[in-house]
Amino acid sequence: MSAIYITNARMVQPGVGTASGSILLAEGKIAAINPAPQQLPTDCERIDAQDGLVTPGLIDIHTHGIHEFSYERDPEDLVEGSALVGRYGTTCVLPTLYKVLERGSLDQLERLASAIPAARNVDIPGLHLEGPFLAIPGAGASTVAGDLVLLEELMCAAHGRVRAMSVSPDCPRVVPVIERLRERDAAVFLTHTRATVAETQAAIDAGARHATHFYDVFPVPPEREPGVRPVGAVETILADERCTVDFICDGVHVDPMAIRLALAAKGWEGVIAITDSNVGAGKADGIYSTPWGYPVKVSESDAARVHDAAHPLDGLLAGSSLTMDRALTNLFEWLDLPAHQIWAMGTCNPAKVIGLPNKGVLRVGADADLVLWGQRAGRLQAVRTWVSGKCVFDRNVSAEVENLDHDKFVSV
């Protein structure tokens, strides 16, 4: 792989700021920023960014599928679907599974985990298991009491490729599960919960440090005393400085006001954008089949919903139609923050949550996962995407891409 020299770029260091300059990529890493002429290999490819914005690639830590592909349907879907995310500025994903997490489906989990090395055009550092140790099923997820034997069976079937697991603080016997996951260096996410303050605090003390699709499937506790506002998992997570949170940034699952509240409690460093995308994300509105026993109706203006009049979950939200470029575009619309802090919510913040220090940043030695951005109709649009220094997506249709709005997407 030849070196790549990107010049005339506006480079975003998430959480820090934006500066004009150049970047040298070599051997899958950022080799130099603003390199001196003598640092340039004679055979490097030169790319003029034409004052375009270059950021680290987006990282989606909660996603079930894209286009017609469901990551847990079969290994082919996982490989073929994840290969598409670069066109949306995403360079790293945790395929999220939730219906193959029982003893009867361990063989399927093993097949999916074994497919990860075959992934192309994207980095997959591991799987996100949404369950099975949950208290509320949501759109059909399993609800199983904490079971260390089952946990070991799941980890073994996944060949050690579990990067994160979502659990409920109010799931019986969940604290030993959290402790064992942390021993294995897997991130523990909290979700699908009606937990009390005490239950939530116990889960955090055991090692849970993040809450996923926050506010969604976090029911408000019942009012036990007239005039006394109930407090539960949401308030406990917001109040604990050890916890970060992520949101499905489609404006359907969560009102933007909830994201602003989390920012007031956590600061920009503690908030992350996810898609929770389902089959149909990135495609035209329509009805798409899933491996879960029901189709979903997908609409960009709405989300993904169960679409089966005979199904007890008919009409229930079942993930989103989001892609990460739309999620970030929405945050730029909703939040009055410096642009580099909003970029952090899709780059360095998720990288920290799942323990990837060489991703989501622009610095020498970091992974060469980058995106050159333009816009179309006011939305972010990837022009080129690199994963480990390899160009995995090149729009190459300049008429479709407008120059980026520097006032909106770029810090000064």
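The structure presented is a predicted model; accordingly, all values stated were derived computationally and were not measured.
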W373/W343 under ring-ring contact (aromatic ring centres under 6.0 Å, His included): CA gap, chis, key distance, verdict: CA-CA 12 Å; W373 293 97; W343 283 109; 5.4 Å; yes

Could you walk me through whether R379 and E300 pass the salt bridge (charged side-chain N to carboxylate O under 4.0 Å, His left out) test, one step at a time? CA-CA 14 Å; R379 288 184 176 180; E300 182 176 324; 2.2 Å; yes

| task | For the pair E183 and R180, evaluate salt bridge (charged side-chain N to carboxylate O under 4.0 Å, His left out) and give the outcome as yes or no after the intermediate values. | result | CA-CA 5 Å; E183 290 171 4; R180 183 66 57 83; 3.4 Å; yes

Steps toward salt bridge (charged side-chain N to carboxylate O under 4.0 Å, His left out) verdict (K29, D367)
CA-CA 5 Å; K29 301 290 184 180; D367 293 345; 2.5 Å; yes

task = Begin from the C-alpha positions of L58 and Y88 and carry the test side-chain contact (heavy atoms from CB on, under 4.5 Å) through to its verdict.
result = CA-CA 9 Å; L58 302 179; Y88 304 108; over 6 Å; no

### Task
Could you check R384 against D394 for salt bridge (charged side-chain N to carboxylate O under 4.0 Å, His left out), going step by step and ending with a plain yes or no?
CA-CA 5 Å; R384 290 195 189 190; D394 186 348; 3.6 Å; yes

(Q) Using the rule given for side-chain contact (heavy atoms from CB on, under 4.5 Å), can you reason through D285 versus V298, listing the C-alpha separation, both sets of side-chain angles and the distance that settles it, and then say yes or no? (A) CA-CA 5 Å; D285 292 3; V298 174; 5.6 Å; no

Practice prompt. Evaluate the criterion side-chain contact (heavy atoms from CB on, under 4.5 Å) for residue pair D369 and S388; output intermediate values, then yes/no.
Written response: CA-CA 5 Å; D369 300 348; S388 297; 4.0 Å; yes

Check your understanding: Going through the checks in order, is the side-chain contact (heavy atoms from CB on, under 4.5 Å) test met by D170 and T196?
Key -> CA-CA 8 Å; D170 45 339; T196 64; over 6 Å; no

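Remark: C243 SG to L238 CG distance equals 9.5 Å, nearest 0.5 Å. To the nearest 0.5 Å, atoms CD1 (I59) and CG (D123) are separated by 9.0 Å. With values rounded to the nearest 0.5 angstrom, C249 atom SG is found 4.0 Å from L331 atom CG. Atom NE2 of H340 is separated from atom CE of M345 by 10.5 Å, given to the nearest 0.5 angstrom. Separating the OG atom in S70 from the CG atom in L78 is a distance of 9.0 Å, to the nearest 0.5 Å. Expressed to the nearest 0.5 Å, how far CD of E72 lies from CD of E130 amounts to 9.5 Å.
The backbone N or O of N349 sits nowhere less than 3.5 Å from a side-chain atom of E269 that would complete a donor-acceptor pair. Side chain of R182 to main chain of A186: a donor-acceptor pair is present (N/O by atom type, distance under 3.5 Å, no hydrogens or angles). Under a 3.5 Å cut-off, the side chain of S168 and the backbone N or O of H192 do form a donor-acceptor pair. Of the possible donor and acceptor atoms, none in the side chain of E76 sits under 3.5 Å from a partner among the backbone N and O of G81. For N330 (side chain) and E333 (main-chain N/O), no donor-acceptor pair under 3.5 Å exists by modelled atom type. Judged by distance alone, the side chain of T244 and the main-chain N or O of G270 form no donor-acceptor pair under 3.5 Å. At least one donor-acceptor pair closer than 3.5 Å links the side chain of S277 to the backbone N or O of G65. One N or O on the side chain of R163 and one on the backbone of G355 form a donor-acceptor pair closer than 3.5 Å. Not a single donor-acceptor pair under 3.5 Å links the side chain of R10 to the backbone N or O of L53. Without hydrogens or angle criteria, D147 side chain to L150 main chain gives a donor-acceptor distance under 3.5 Å.
Between D240 and R209 there is no salt bridge, since no side-chain nitrogen of the basic residue lies less than 4.0 Å from a carboxylate oxygen of the acidic one. For the pair R173 and E179, the salt-bridge criterion is not met [side-chain N within less than 4.0 Å of a carboxylate O]. We find that R120 and E80 are joined by a salt bridge, their nearest charged nitrogen and carboxylate oxygen being less than 4.0 Å apart. Under 4.0 Å is where a charged nitrogen must lie from a carboxylate oxygen, and between D302 and R305 at least one such pair does. A salt bridge links R103 with E153; the closest basic N to acidic carboxylate O contact falls under 4.0 Å. Salt bridge annotation for E152-R184: present, with a cationic side-chain nitrogen under 4.0 angstrom from a carboxylate oxygen.
Taking a 6.0 Å sphere around NZ of K359, one finds it holds more than 12 heavy atoms contributed by other residues, nucleotides or ligands. Other residues, nucleotides and ligands place no more than 12 heavy atoms under 6.0 Å from the CG atom of D336.
No side-chain N or O of N8 forms a donor-acceptor pair with one of D51 less than 3.5 Å apart. No side-chain N or O of H311 forms a donor-acceptor pair with one of D314 less than 3.5 Å apart. In this model, no donor atom of one side chain and acceptor atom of the other lie less than 3.5 Å apart for T96 and H62. There is a side-chain donor-acceptor pair under 3.5 Å between H128 and S166. Side-chain atoms of D246 and H210 form a donor-acceptor pair, as typed in the model, at a separation below 3.5 Å. There is no side-chain donor-acceptor pair under 3.5 Å between T90 and D60.
Within the 4.5 Å cutoff, no side-chain heavy atoms of F214 are placed close to those of V254.
The side-chain hydrogen bond (donor to acceptor under 3.5 Å, both in side chains) with H64 is formed by just one residue from the set N278, T290, D276; it is D276. Checking each of L106, L112, D107 against V100 for a side chain to side chain contact (heavy atoms under 4.5 Å, CB included) leaves exactly one that passes, namely L112.
In this structure, F247 and Y215 have tilted ring planes: the angle between them lies in the 30° to 60° band.
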